[in-house]
Protein chains: 2
Amino acid sequence: MVRTYSPEKTRQALLKAAFEQIWKQGYEAVSLDDILKASEVTKGALYHHFGSKQALGYAVVDEVLCAEVRERWLEPLDTFDNPIEGLIQILSEMRKACHEKESYCGCPLNNLSQEMSNKDEGFRERLQAIYVLWIDGFAAALKRGQKNGTVKASVNPWAAASFIVSSLEGISGLIKNTRSVEVQEACAAGFFAYLESLKA
Amino acid sequence: MVRTYSPEKTRQALLKAAFEQIWKQGYEAVSLDDILKASEVTKGALYHHFGSKQALGYAVVDEVLCAEVRERWLEPLDTFDNPIEGLIQILSEMRKACHEKESYCGCPLNNLSQEMSNKDEGFRERLQAIYVLWIDGFAAALKRGQKNGTVKASVNPWAAASFIVSSLEGISGLIKNTRSVEVQEACAAGFFAYLESLKA
DNA sequence: CTAAACATACCAACCAGTATGAATGTTTTG
DNA sequence: CAAAACATTCATACTGGTTGGTATGTTTAG
């Protein structure tokens, strides 16, 4: 029985499994055994890398969720001159991808936020930081759009960014429950109409 | 020690306590003991009225949440000729009321929906029925507005109603986490701007 | 007297966390 | 260079507390 230590690998395996299980089951509903099973790691290893379930949860927010927002929203948006068009395109891509998978799991950030923000101040603070990152990123993109003339000058970038994020979360939440393509199309239509109203 | 039986009263006490505790803590996080303590009912009585925790949860959705949507949204909206103005007024009233209480608990429907819709199909179906009730109610009000000339004829009532509900849930969810008045004002501004665009 | 309405004590399952030890890497030292 | 000393990384068995649910008995009402 030969064993080789690779602590960073097991740490990442734990984070990944924890993220997925928390996404699908919720933080409190998921048991450490679930995470250990999914990651093929033992309890001793888990408690070597993370002091508690809470610490693991915090790390998921700080490391996984944070990266997710950057990779899925902020970085793609940076490649567009017109942030409104960028948003519409990113969303369209996502809808295509969602149709393929069974993914009615909702937004991981929204899920965790709704569950934990009133129960654990540490979670709330960390999740809020992600929201700030997200909103500020969108606001910066809108400002950029105002400078290059693709976004109305009268728009308040930060306020619009806040409403955009809240809409995205609201839509994903409603779809998660209804599982209805019609509702999805309806929400998208309303949302796109709002986005169009921001164009210069 | 004189005792008097009033089964309907204890049933309602259980429903009320369950609703509040589920709202504040979440369905899985709340223990039956919490509900029993809050309602001052014993476990024997609970299991006399409800076959299981699940049955109690279902009843909360069917009876309490359903009534809540009617009383807080649909009935008030029926008193307005202009449904857009009606929505804006109802929301403004709510915001005032929210400032007084500490209420950062979010929307009870949204909370439960995010937590349970992927774990328990019975919950999902029941919660979806509430969403349908809500959206259809809004859609009917918009149609009414179209007939009396307060809402643009080009608006698709059902699609707009879907987006409005998703926005309300999204905003309440974001505020629940950020607890920021600025974010609240920003989202409200964006939302009201959308509502105005529906006016004839 | 019967059935509904409640009260109390208990139980099996689960779960986060711990105690303990073994296997592997790294550093120090003779 | 070797080997001992030490630290890191992981594995297993166990525990105390909680929870949904049940068994059983008691009280009230018709």
Side-chain angles (χ1 to χ4, degrees), chain A residues 1-61 63 112 115-116 119-123, chain B residues 1-61 63 112 115-116 119-123:
Chain A
M1 194 66 173
V2 186
R3 221 167 31 172
T4 169
Y5 288 164
S6 41
E8 192 52 31
K9 223 172 177 177
T10 48
R11 209 189 108 95
Q12 292 304 323
L14 281 168
L15 282 174
K16 189 187 167 199
F19 166 72
E20 278 175 13
Q21 296 301 311
I22 290 173
W23 184 16
K24 287 174 186 163
Q25 302 188 43
Y27 172 78
E28 296 205 279
V30 78
S31 73
L32 291 182
D33 285 339
D34 290 333
I35 294 171
L36 296 176
K37 203 173 175 184
S39 59
E40 291 182 315
V41 169
T42 61
K43 197 166 267 195
L46 189 154
Y47 274 93
H48 172 74
H49 287 281
F50 301 96
S52 63
K53 186 186 182 184
Q54 190 189 47
L56 175 59
Y58 285 2
V60 165
V61 178
E63 301 179 38
L112 193 53
E115 180 186 359
M116 297 307 296
K119 287 189 220 164
D120 186 308
E121 183 62 15
F123 266 111
Chain B
M1 194 66 174
V2 186
R3 217 167 34 168
T4 168
Y5 287 167
S6 41
E8 193 52 31
K9 222 172 176 177
T10 49
R11 208 188 110 95
Q12 291 304 323
L14 281 167
L15 282 174
K16 189 186 167 200
F19 166 73
E20 277 174 15
Q21 296 301 312
I22 290 173
W23 184 16
K24 287 174 186 162
Q25 303 186 44
Y27 172 77
E28 295 205 279
V30 78
S31 74
L32 292 182
D33 285 340
D34 290 333
I35 295 172
L36 296 176
K37 202 174 178 183
S39 59
E40 291 182 315
V41 169
T42 61
K43 196 167 269 195
L46 189 155
Y47 274 92
H48 173 72
H49 287 281
F50 301 96
S52 63
K53 185 185 183 185
Q54 191 188 47
L56 176 58
Y58 285 2
V60 165
V61 178
E63 301 179 37
L112 193 52
E115 180 187 359
M116 297 307 295
K119 287 188 219 164
D120 187 308
E121 184 61 14
F123 267 110

Could you go over nucleotides 2-5 of chain C and give all protein N or O partners under 3.5 Å, atom names and distances?
| residue | atom | partner | partner atom | Å |
| --- | --- | --- | --- | --- |
| C:dA5 | OP2 | B:His48 | NE2 | 2.7 |
| C:dA5 | O5' | B:His48 | NE2 | 3.4 |
| C:dA5 | N3 | B:Tyr5 | OH | 2.9 |

Send over the distance from [X] [atom1] to [N] [atom2], rounded to a whole Å.
X       : N      : atom1 : atom2 : value
B:Leu36 : C:dA9  : CG    : C1'   : 15 Å
A:Leu32 : C:dG17 : CG    : P     : 7 Å
B:Ile35 : D:dT19 : CD1   : C1'   : 12 Å
A:Glu40 : D:dC10 : CD    : P     : 14 Å
B:Gln21 : D:dT19 : CD    : P     : 12 Å
A:Glu8  : D:dT8  : CD    : P     : 16 Å
B:Asp33 : D:dT18 : CG    : C1'   : 9 Å
A:Lys53 : D:dG17 : NZ    : C1'   : 15 Å

Can you see which heavy atom on A:Ala38 is nearest to which on A:Ala17, and at what distance?
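Heavy atoms of A:Ala38 and A:Ala17 come nearest at CB-CB, 4.0 Å.
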Search all heavy atoms of A:Ala29 against all heavy atoms of B:Glu28 and return the closest pair with its distance.
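The pair with the smallest heavy-atom distance is CB-OE1, 3.4 Å.
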Looking at every strand, decide which applies to B:Thr42 at a 4.0 Å heavy-atom threshold: base, sugar-phosphate, or nothing.
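B:Thr42: base contact, heavy atoms under 4.0 Å.
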A:Arg11 or B:Gln54, whichever maps to the more 5' nucleotide of DNA chain D
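Residue closer to the 5' terminus by nearest nucleotide: A:Arg11.
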Distance-only donor-acceptor pairs under 3.5 Å for side chains of residues 46-60 of chain A, two or more places apart:
| residue | atom | partner | partner atom | Å |
| --- | --- | --- | --- | --- |
| A:His49 | NE2 | A:Thr10 | OG1 | 3.1 |
| A:Ser52 | OG | A:Gln54 | N | 3.4 |
| A:Ser52 | OG | A:Ala55 | N | 3.1 |
| A:Lys53 | NZ | A:Tyr27 | O | 2.9 |
| A:Lys53 | NZ | A:Val30 | O | 2.8 |
| A:Gln54 | NE2 | A:Tyr58 | OH | 3.1 |
| A:Gln54 | NE2 | A:Asp120 | OD2 | 2.7 |
| A:Tyr58 | OH | A:Asp120 | OD1 | 2.5 |
| A:Tyr58 | OH | A:Asp120 | OD2 | 3.4 |

For atom NZ of B:Lys119, is the number of surrounding heavy atoms from other residues, nucleotides or ligands below 6.0 Å larger than 12?
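Correct, the count exceeds 12.
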Heavy atoms from other residues, nucleotides or ligands near CD of A:Glu121 exceed 12 (cutoff 6.0 Å):
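Result for CD/A:Glu121: enclosed.
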Whether A:Thr4 contacts C:dG25 is assessed here as follows: a side-chain N or O lying under 4.0 Å from the phosphate OP1 or OP2. Is that the case?
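Answer yes for this pair, as a side-chain N or O of A:Thr4 is under 4.0 Å from OP1 or OP2.
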Rounded to the nearest 0.5 Å, what separation is found between the CD atom of B:Gln12 and the OG atom of B:Ser6?
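Spacing of CD (B:Gln12) from OG (B:Ser6) equals 11.5 Å.
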What's the separation between atom CD in A:Glu20 and atom CG in A:Asp34, rounded to the nearest 0.5 Å?
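If we round to the nearest 0.5 Å, A:Glu20:CD and A:Asp34:CG are 13.0 Å apart.
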For A:Gly51 and A:Ala29, find the nucleotide of DNA chain C closest to each by heavy atoms; which residue's nucleotide sits nearer the 5' end?
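With A:Gly51 and A:Ala29 compared, the 5'-side residue is A:Ala29.
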Measuring from the side chain of B:Ala45 (C-beta onward, heavy atoms only), which nucleotide among D:dG21, C:dA16, C:dA7 has the closest atom?
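Of all the options, the side chain of B:Ala45 is nearest to C:dA7.
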